[in-house]
Amino acid sequence: MDSTKLNICHCGKNMRSLNSHNYRLHIKSCKQHKLSETSVKISTFFKVKTVEYTPNVIDDIILDEHGCSSMDQNIKTATDVEALTLEPSSSSFDTPNVIDDIILDEYGCSSMDQNIKTAEDVEALTLIPSSSSFDTPNVIDDIILDEHGCSSMDQNIETSNETLSLISFGSSSDNRLTNDPGIIVKMKNVGPEMKKLIINIGPCQPTKDDFPAKTFPIDKNGRSFKDLWYFRLLTDGTKVLRDWLTYSVSLDKVYCLHCFLFGINLHDKLAKSWTQTGFSTWKNGIFAIQNHECAPDHILSSLKFKLRETNAPILPALEHTRKFQVTYNRQVILELIEIVHFLALHNLAFRGHREQWTNTIRGNFKDLVILMAKNSTVLFEHISKIKNVGKHQISFLSWQRQNQLLEAIAENISTKIIYEVQTTRIFSISIDSTFDESKREQVSFVIRYIDEANGAVKERLLARKESPYTTGKVLFDLFKDVMETNNLNWNNNLIGQSYDGASNMRGNYKGLQARISNDCSHALFIWCHAHRLNLVVKQAVSCNNDAVDMFGSLETLYALVWTSKKRVAIFRNNQSKRNYGTQLQAIKRVSTTRWMSHAAALDTVLSFFETIIDTLINIRDLEGPSDSKTGSTASGLILYFLSYKFLITAFRFKELFDILGPINKILQTQDFDVITATTIISQTKPRIQNMREDSAFEKINIKVDNFISDLEYEIEPLKNKRLKRVPKKSGELSIDEPIVEPIKKFRIETYNTLFDVTLTEINSRFNVISCGVLNDLSLLTEKRIMEVRESNVLPDDSFLVFCQVYNKFVDRNALISEYLQFVVNYKEIESTIKLKSNLHTIINDDDLDEDGNSGDENYIDFSLYDEVEDQTSNCSKQNLARVGKLFKLFCTASLQNVFPNLYLTLKITVTLPVSSCTVERSFSKLKLIKTKLRTTMCQDRLEQMVKISCEPDISLDK
């Protein structure tokens, strides 16, 4: 307090015995008492008054753009508002600013109240008035302000169910935090910053003259607190202020401030009365106070309070060291996250057999850490500390920390996927299972949805679960568990499902699709197009004896050559001689489970035909004398491959595979829709039908003759078989005329049969694509749009079945109206919103016509894939997804609000799955991760590794 201040109040009270804070309280109450009636009740003293903020107290607090502090951003109820109600204070401050000592973080934000968690904490921050001059340092300078210049003091304040009665000591407009212990003791967790704030404010020690009635409240026994108890009388007559004793005006109780802030053993009844419940037995008040201040626990608390000033200069340095260590550790963790992410993306093992720092090879993770440390100062320093200090240094390199980082990365990826799915709402699902190296059944869940920002189709791995049983019921329960775990409302938002042809998946009664459809009627089941096409190929390669002989011989060739390292060396040596400068190729195996493996095996034999013949001759000559079985097998293959029958059969199948191969690749693409798939299958049928024409047969014969003319070996021609004499049976009027010409016989029995069986299988396997929903969706193709544009007439049952299935999302009448309006303005919209002519890569110049157009985009130019080595890349070069492009047009032009029902129809169409190939790709990742050396990997770690590996394009939040 300033020495110039008077020691005698104008009311005659001696103020020397009071500290500066209680002096100000008396001055305020005394001034207000003279202005009010002497008979004012004490209840009026606690009424809340609304006042304005003045800049005196909050000079250093930065206000947001609206001029408001963010200190109350998390106040949720009226009680929170009451807790922060401001009371009037004097018009000016005479003491140093209370905000000077508050430490600001890098954003200028306070962390003073990180431990404030309850409504009692809110009450502890209640504001009370202060006098015209302050002698205590400003405490609020240690409050850390956020990026908007607002205090984070109340970030953890939760809802309060109590209303606060605030104490008014004056009518001035300045404000100050209260020191009422009845409010402060309700704080459950008091951090260092809050302790400093409370200590700087000081104890609450009002006198009886501070009350309107000139007396403390009287209890039921007619006794009250005495302000003389604030002082301790020593034996020499000296009065010493009890700075630990604090009086609660709101509760009429006293507390021990030192024990509350620094006390121990506060669980007994006596200690609780001074730190939690308060002491109010005024009959023996002075004796209780004297007993408490002589207690050992109180003395220890007071010593801590007195010695705090000695340790105060160390605290800022400790805080700075702590913040530096936190920043340092964060940088180390960021480096380790990059390493873990890299190893998981590349399906690499983390740990080695020995990982001590003295070992040369320490496992991929530690070796990569050492490698990265060469270019990272933080990581290098961290490793140096670990090597020097040993186990006493936190390393973050243990296998537990690796697993935690993996879990965090996978969780971050899952969170982003779930957020995107919940944003777009509707989705479809694909499920399949496979065995891993440890003979466990792994079930993959892939979710398909749309990114509405750009109209892109996304298929993400949602989960990977282990299940020893794969019945329809078990898979259905597993599906529900995955949906619930990821908080996805599949009953309302699932619009499609795609599986393979297994009975547990597509069964009409107990299959997975039937169980899901029973609970979600708009979850349309689509049998995987790629699996169906594979079944067509499987049936075609076994349609007649010539086909069985050819592919059986190809499998025998693989088993003969590729199961012996000596024979493989002979094949590679011959390949180097015959095909010098070209990349060495391997003989492919014929597999019924690997798609288009028959085509790959056949192409290899025809491409390296002479090399294979040379290899078989060498095997027969070298190993035949000692191994008759091997020699006989080699001789049989030589005779078969050098026959005209093999070549003509092989080239017929090559023509078929040239048609079906690109389609198989296209159906495996991710951004593909069911309408385009329907179009491709429909265009395939006439091409296969045309292969039965005489001109097509003759073209194949010419190719065979040209191939034979370039060979060094002689080819055995087709032979006329001796006709068997078939006796005429009784009652027969005529006998069958046998086919004598071998070419004609081959065409009838093998060639025509091959394409007839293929066409029949396509019609049988893909007739489901003619269901009513997809018929309605065909109106979304450009061809149908132009037809309706010209005629301005729709069929009477347009979108009927579609709206019956998806009536929850689309209204049929509104859809038809919007469709007709869109058709009329289609060309204008398309010409205004220019999209790329192809959605993936640049179309080859050879594919453009004279006007630079690619023609009908619904038509697939299969000739592009005839003589291309990498068919997968060429498939992506075609702008196939016409409905997908139309949906992108809607997204680009923001037509969602103009044609909402048509937009939802397009969205559903693009979201419907075409195949379950993404699930099969996840199985490929599984085989790369869970190898024979990693069969003991737990299921959670396996799922995390597979998820990270399957989603490399998702960026991490660091």
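Note that the structure is predicted; figures quoted are calculated from it, not measured. Position 1 is the first residue of the sequence; numbering continues from there.
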Taking Asp756 first and then Arg692, would you say they form a salt bridge - that is, a charged N and a carboxylate O separated by under 4.0 Å? yes

Give a yes or no on whether the backbone of Leu667 and the side-chain of Ser915 come within a donor-acceptor separation of less than 3.5 Å. yes

Donor-acceptor pair, side chain of Tyr819 and main chain of Leu794, under 3.5 angstrom: no

If you compare all heavy atoms of Leu616 against all heavy atoms of Ile638, which two are closest, and at what distance to 0.1 Å? CB-CG1, 3.5 Å

Has Ser542 got a side-chain atom pairing as donor or acceptor with Lys538's backbone, closer than 3.5 angstrom? yes

Is Asp519 paired with Arg515 through a side-chain N to carboxylate O contact shorter than 4.0 Å? no

Would you say the side-chain atoms of Ser764 pair up with the backbone N or O of Glu761, donor to acceptor, closer than 3.5 Å? no

Shortest non-hydrogen contact from Leu912 toward Tyr806: CD2-OH, 3.5 Å

Of all heavy-atom pairs between Met505 and Ile431, which one has the smallest distance, and what is that distance? CE-O, 3.7 Å

Using a 4.5 Å cut-off on heavy atoms from C-beta on, say whether the side chain of Glu441 contacts that of Phe435. yes

Are side-chain N/O atoms of Ser922 and Ser444 paired as donor and acceptor at under 3.5 Å? yes

Are side-chain heavy atoms of Ser553 and Leu637 found at a separation under 4.5 Å? yes

Ring centers of Phe672, His529 separated by less than 6.0 Å: no

Evaluate Leu759 against Lys685 for side-chain contact (heavy atoms from CB on, under 4.5 Å), listing each step before the verdict. CA-CA 7 Å; Leu759 193 59; Lys685 295 178 182 179; 4.0 Å; yes

Indicate the atoms forming the closest heavy-atom contact of Leu606 with Ala650, along with that distance. CD2-CB, 4.2 Å

Can you check whether Tyr499 reaches Asp432 side chain to side chain, under 4.5 Å on heavy atoms? no

Under 3.5 Å: donor-acceptor pair, side chain of Asp776, backbone of Phe799: yes

Between Asn534 (side chain) and Ala530 (backbone), is there a donor-acceptor pair under 3.5 Å? no

Sub-4.5 Å side-chain heavy-atom contact between Thr471 and Asn504: no

Salt bridge (Lys or Arg N to Asp or Glu O under 4.0 Å): pairs with one or both residues in residues 541-558, sequence neighbours excluded: Asp546-Lys645, Glu555-Arg589

Answer yes or no: is there an ion pair linking Arg687 with Asp658, defined by an N-O contact shorter than 4.0 Å? no

Does atom CD of Glu693 have more than 12 heavy-atom neighbours, drawn from other residues, nucleotides or ligands, at distances under 6.0 Å? yes

May I ask you to say whether Glu655 pairs ionically with Lys703, meaning some side-chain N is under 4.0 Å from a carboxylate O? yes

How long is the gap from NZ on Lys907 to OG1 on Thr909, to the nearest 0.5 Å? 12.0 Å

Supply the atom-to-atom distance Ser521 OG to Ile516 CD1, rounded to the nearest 0.5 angstrom. 13.0 Å

Could you walk me through whether Leu524 and Ile495 pass the side-chain contact (heavy atoms from CB on, under 4.5 Å) test, one step at a time? CA-CA 6 Å; Leu524 182 66; Ile495 55 97; over 6 Å; no

Within-4.5 Å side-chain heavy-atom neighbours: Ile447 and Lys458: no

Check whether any side-chain N or O of Arg448 sits under 3.5 Å from a backbone N or O of Thr911 as a donor-acceptor pair, and report yes or no. yes

Six-ring centre of Phe697, Arg652 cation under 6.0 angstrom, axis tolerance 45°: yes

With under 30° as parallel and over 60° as perpendicular, where do the rings of Trp490 and Phe476 fit, or are they tilted in between? perpendicular

Would you give the length of the straight line joining atom CD of Glu459 to atom CG of Asp671, rounded to the nearest 0.5 angstrom? 9.0 Å

How far does CG of Asn545 sit from CE of Met550, to the nearest 0.5 angstrom? 13.0 Å

Would you check, one step at a time, whether the test side-chain contact (heavy atoms from CB on, under 4.5 Å) holds for Ser430 with Thr918? CA-CA 8 Å; Ser430 297; Thr918 304; over 6 Å; no

Any sub-3.5 Å donor-acceptor pair from Tyr751's side-chain atoms to Met691's backbone N or O? yes

Minimum heavy-atom distance between Leu660 and Met596, given as atom pair plus value: C-CE, 4.3 Å

Straight-line distance of Thr649 OG1 to Ile700 CD1, nearest 0.5 Å: 11.0 Å

So do the side chains of Thr905 and Leu777 get within less than 4.5 Å of each other, counting heavy atoms only? yes

State, yes or no, whether a side-chain contact exists between Thr750 and Leu754 at a heavy-atom distance under 4.5 Å. no

Are side-chain N/O atoms of Ser517 and Gln497 paired as donor and acceptor at under 3.5 Å? yes

If you look at every heavy atom in Asp710 and Glu610, which pair is closest and at what distance? O-OE2, 3.9 Å

Keeping the roles fixed (side chain from His522, backbone from Leu494), state whether a donor-acceptor pair exists under 3.5 Å. yes

Counting only N and O atoms by type, is there a donor-acceptor contact under 3.5 Å from the side chain of Ser498 to the main-chain atoms of Ile526? yes

Chi angles and distances behind the side-chain contact (heavy atoms from CB on, under 4.5 Å) call for Val537, Phe657: CA-CA 9 Å; Val537 175; Phe657 293 152; 4.0 Å; yes

Take atom NZ in Lys510; do more than 12 heavy atoms of anything else shown fall under 6.0 Å from it? no

What is the distance from atom CG of Leu711 to atom CZ of Phe609, rounded to the nearest 0.5 Å? 6.0 Å

Using side-chain heavy atoms (C-beta onward) and a distance below 4.5 Å, is Phe923 in contact with Val919? yes

So, Tyr713 versus Phe641, ring centres under 6.0 angstrom or not? no

